[in-house]
Number of protein chains: 2
Amino acid sequence: MTSPRRELRRRQLLEAARDVFAEKGYVAATVDDVVARCGVARGTFYLYFDDKLDVFGALVSDFFARVAGSIRSIELGADAAPPREQLRANLARVVTLAMDEPGMVKIAFGTAFGVDPALDERLARFYAALSTFMDETLQTGQRLGLVRGGDRRLMLSIAIGGLQQLLRDAVDGHVPSDEHALVDAVMDFLQSGLLAH
Amino acid sequence: MTSPRRELRRRQLLEAARDVFAEKGYVAATVDDVVARCGVARGTFYLYFDDKLDVFGALVSDFFARVAGSIRSIELGADAAPPREQLRANLARVVTLAMDEPGMVKIAFGTAFGVDPALDERLARFYAALSTFMDETLQTGQRLGLVRGGDRRLMLSIAIGGLQQLLRDAVDGHVPSDEHALVDAVMDFLQSGLLAH
DNA sequence: CCCAACGCTGACGTCAGTGTCAGTTGGTAG
DNA sequence: CTACCAACTGACACTGACGTCAGCGTTGGG
């Protein structure tokens, strides 16, 4: 039974940690930085988390879960929206989430891998689950002639990587970050690739 | 005037460091790990590098330079190979390099960002230079009708990210790592995207 | 009003990893 | 044989981030 008080403090610490990690990266960030930003004493931190890796893992896992949660499976009923619109809506949700949480994009897509073997494993499992789900969707798409032929895992890897990089670049300001433009760019790429015909 | 002796030792240390970083990630890796793998005393390390970040930076910068160096600009002369073949050859070189250096793929594409602000800056400059070069190539391609219209920065971001993720996944074994298949997959994606027409 | 439970504090001891440097080794030239 | 020097060694002193815990306020139910 976590009291509302506890829950609030926990959230404050998570937000402070997110900002510190986004700013200094995992290595340079210290627990002292986090508690300082939170205006709280060192010991308090350890009432809520085991250590630096624990908060980091909580942040990243939570964000990945939110990303995964923003993806709805594509309905094929006669009264459902066209699959392409459902795909676009999924993309739009992910992009919106990312633009709402620029710090988490930096952390989860930029810093999270290679920090700790155990965390890597957890993230790999997330990724595998998401990948399997999308693979099935793609398979259906191929059966219905909506998705071109080819090795689905390779296609997925490229598509997911492309989206990730686009979001990273948008957050870093390397690229304009208008949500609609980003979604369009991805849709166009999925639709036509890069080369003319 | 670096003696061949010195140069050799330096290379040994770099290789040891690469293996350690690939295995344990940046955070968990220690200078002791590196010298142990190299069969050399602690002090020796500091005759060649300032500290852990210095070797890391040397490894990553060198790898990025090799990647950039494996990309040739696309010639348009009447006696040159078709642009698409030149593009494929560039891709093939990058893929070959990546498969020859799986450890460096993990490090450079997985761990390198967010480790240190100064290093991030250096990498960002690399990325920007490469991106600008490719942007010009793409612009020419658009003028010649070989590349479809659209915001080049966005297209590039997606394409580069897609390739990176594919290489990461290939190295991690999430995806078959046959070089030819990987090159084909990317070419198909650039050619046709993901969706059927 | 009381006090028990809860949340919080921050100084403190610990320790893993760091970087140094006085001393050793081994190859080479005179 | 000796003198030299570049390369190497590894014990040592040091650092700073870590996690703890005994004690201090605060809050709210009785």
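What's counted below: heavy atoms across the whole structure, side chains too, no hydrogens, waters or symmetry copies.
Remark: P of C/dC8 and CZ of A/Phe49 are 12 Å apart, rounded to the nearest angstrom. The separation between A/Leu13 atom CG and C/dG7 atom P is 13 Å, rounded to whole Å. In this structure, CG of B/Asp33 is placed 13 Å from C1' of C/dT18, rounded to the nearest angstrom. To the nearest angstrom, P of C/dG19 lies 10 Å from NZ of B/Lys52. Following rounding to the nearest Å, A/Arg5 (CZ) and D/dG25 (C1') show an atom-to-atom distance of 11 Å.
For the OP1/OP2 pair of D/dA7 and a distance below 4.0 Å, the side-chain nitrogens and oxygens of B/Ser3 include at least one atom meeting the criterion. Residue A/Thr44 has no polar side-chain atom (N or O) positioned under 4.0 Å from OP1 or OP2 of C/dG7. Residue B/Tyr48 places at least one side-chain N or O under 4.0 Å from the OP1 or OP2 atom of D/dC8. The side chain of A/Arg9 contributes an N or O atom lying less than 4.0 Å from OP1 or OP2 of C/dC8.
Listed nucleotides C/dC8, D/dT9, C/dG19 differ in distance to B/Leu47; the shortest reach to its side chain belongs to D/dT9. For B/Ala41, taking side-chain heavy atoms from C-beta onward, the closest of the listed nucleotides D/dG19, C/dG7, D/dT9 is D/dT9. Proximity note for A/Tyr46 (side chain, C-beta onward) versus D/dT9, D/dC18, C/dG19: the nearest is D/dC18.
Comparing A/Arg42 and B/Ala29 against DNA chain C, the residue whose closest nucleotide sits nearer the 5' end is A/Arg42.
Contact record, A/Ala108 with A/Phe113: O-CE1, 4.1 Å, taken as the closest heavy-atom pair. Residue A/Ser70 comes nearest to A/Leu97 through the heavy atom pair OG-CD2, 4.5 Å, listed as atom of the first residue, atom of the second, then distance.
Side chain of B/Asn90 to backbone of B/Arg72: a donor-acceptor contact under 3.5 angstrom is found.
Below the 3.5 angstrom threshold, one finds no donor paired with an acceptor across the side chain of A/Arg6 and the base of C/dG7.
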